[in-house]
Every structure is written in C-alpha cells, then in structure tokens.
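Working notes for the structure below.
In each ligand, atom 1 is the first atom listed, and ligand 1 is the first ligand listed.
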Amino acid sequence: MSGLQARGVIRSYGPTPALRDVSLDVAEGEIVAVTGPSGCGKSTLLHCLAGILRPDKGEVHWRGERIDTWPEAARSRLRRTEFGVLFQFGQLVAELTAVENVALPLLLAGTGRREAGQAACEWLDRFGVADLADVRPGAMSGGQQQRCAMARALITGPRVIFADEPTGALDTLSGEEVLTQLVRFAREQGTTIVLVTHEPRIAAYADREVMLRDGVVDPTGLGLDEPLVP
Ligand code: ADP
Ligand code: ADP
C-alpha cells in the first residue's frame, strides 16, 4: 500500500471531540486540500496524519506501515526525513539569517556546513529570495518569510508536505504566489501535499478537496448536514 491513509481516526481534547471518525486516503503525488469552518478539526487531522498527535482510536498508515503507534522518537525522525511541515507563521528562528534557517534541517541531519549552505542558497534562489540570504526574519515581509519557510521545508526532499494555513498570514496576492510556487515544486518532484485551508481560492490549487464538518468528512462536500428545507 502506498500513500497516506487515515482509518477511523478519533481524537478529543479532554471532553472536546475534534475528530469523530475520519478516514482518508491520499495518493503519492496528490495535492489534497482539507477545508471546512473553523473548529471542524482540520488542524487536528493534519497533526494526526503528520505523526505530531496520536489518535485516541483509529490508525494512520504511511507506505503500508502503521505510524501512529510508533514511539515519539521514530515519528519525529519521520518528520525530519520523509515528512515536512509548514505552518501559518513560517516559524523561522528569529536569531538566524535566511540561509541559516533554510540550512538548519541539513545541519541537524549531519550535512557539512559548506554543502548545507550551498543547498540553502539554491533553495532560496528557487523561491526568488536569494537576495535575502543574510537577512533575519524580523526584517522580511510575511511573504518573504513564508518563501524561506517553504525552502526550509523542501530542502530535505520530503515525500509529503503538511501545510496548515500556509497562506493564512498573507494578503490574497502573496498568498496565491507562495502557493503557486509550492505547488510547482511539489509537481516537479512528485511531492504529496496535504493542505489545510479555510480559503476556497487556496483550496482551488489542490487536486481534490476534503471537507470536514464537525469532526467528520462531509462526503458530498456540499454542506448537506444543514437541512435543505428549513
Ligand atoms: P480547525 O483546524 O478546523 O480550526 P482544530 O482541529 O484546531 O480545528 O480544532 C477542533 C476542535 O478541537 C475545536 O473545537 C477546538 O477548539 C478544539 N481544540 C483544538 N486544539 C485544542 C487544544 N489544544 N485543546 C483543547 N481543545 C482544542
Ligand atoms: P487553527 O484553526 O489554524 O488550528 P486555532 O486558533 O484553532 O488555529 O488553534 C491554534 C492553536 O490553539 C492550536 O495549537 C490548537 O491546538 C490550540 N487550540 C485550539 N482550540 C483550543 C482550545 N479550545 N483550547 C486550547 N487550545 C486550543
């Protein structure tokens, strides 16, 4: 079995149910948008799929292996190798320059400084921000920070990118630019993307949209849990 699967995933925070029974298949190379209103469980689903959170019940599989039962160290290793995560706010390290931030995953993986620095410069260049190599995040625009964050997420060559509202902090135009770039690199490298967004314009970049409602997948995507005839 290839790709990523959630099977009957249930997850609560104390008494608050976030996912009530979610099953989902994501094929390798596919770009899937997870959408739905605030509080419907999008982030929780993303965190379960990425091995950040453990479901209370149900299973998560990646390339035929059940990963939700792996110990934290193994899941964390997966997130540094085959999985990459990207959040609403780039979460760059404030004290580091762009090139240092982007090189960080390689340095942590034991790549030599020179090689990591060169690769980071290449990735900054691909995202059109090579001139920011020596700039710290505080002196960048939101869009520039998000480009650096994407370069950092992609530099290790992950097979899946989990992106939680990656354009949420940007205006519409720079949000769409950033997403266009992310999607282009994903297509070039056959990278899978699971993209959480509440913005229809952003969801439109995906191959497929999975709509959540109140912790379950809305099979129609039409919001038919609301009565048609009031
Ligand atoms: P979405 O990403 O669609 O906004 P979330 O997955 O963040 O949804 O949240 C789903 C539900 O779980 C909401 O009711 C939210 O308030 C609750 N929730 C999320 N994270 C926590 C948390 N850390 N502690 C308590 N409740 C949480
Ligand atoms: P998003 O919809 O992008 O997940 P939220 O504002 O729902 O953003 O959540 C932001 C953070 O707050 C997340 O880490 C989430 O787990 C946490 N959170 C969300 N709802 C609650 C809650 N009811 N109680 C405690 N933490 C929460």
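Just one residue in the list Gln88, His47, Lys42 forms a side chain to side chain contact (heavy atoms under 4.5 Å, CB included) with Asp164, and that residue is His47.
A distance-only check finds a donor-acceptor pair linking the side chain of Arg75 to the backbone of Gly51 [under 3.5 Å]. The main-chain N or O of Gly3 is never found under 3.5 Å from a side-chain atom of Arg159 such that the two would form a donor-acceptor pair. Although no hydrogens or angles enter the test, the distance criterion places no donor-acceptor pair under 3.5 Å between the side chain of Arg147 and the main chain of Arg126.
Comparing heavy-atom distances from atom 2 (O) of ligand 1 across Ser43, Gly215, Gly14 singles out Ser43 as nearest.
Using a 4.0 Å heavy-atom cutoff, Cys40 is listed among the residues neighbouring ligand 1. Put simply, part of Pro37 is less than 4.0 Å from ligand 1, judged by heavy atoms.
In this structure, a donor-acceptor pair under 3.5 Å is absent between the side chains of Arg184 and Thr180.
Counting the atoms of ligand 1 from 1 in the order shown, those under 4.0 Å from a heavy atom of Ser38 are 4 (O).
Every N/O-N/O distance between Ala18 and ligand 1 stays at or above 3.5 Å.
The part of Thr16 lying near ligand 1 is the side chain, judged by heavy-atom distances below 4.0 Å.
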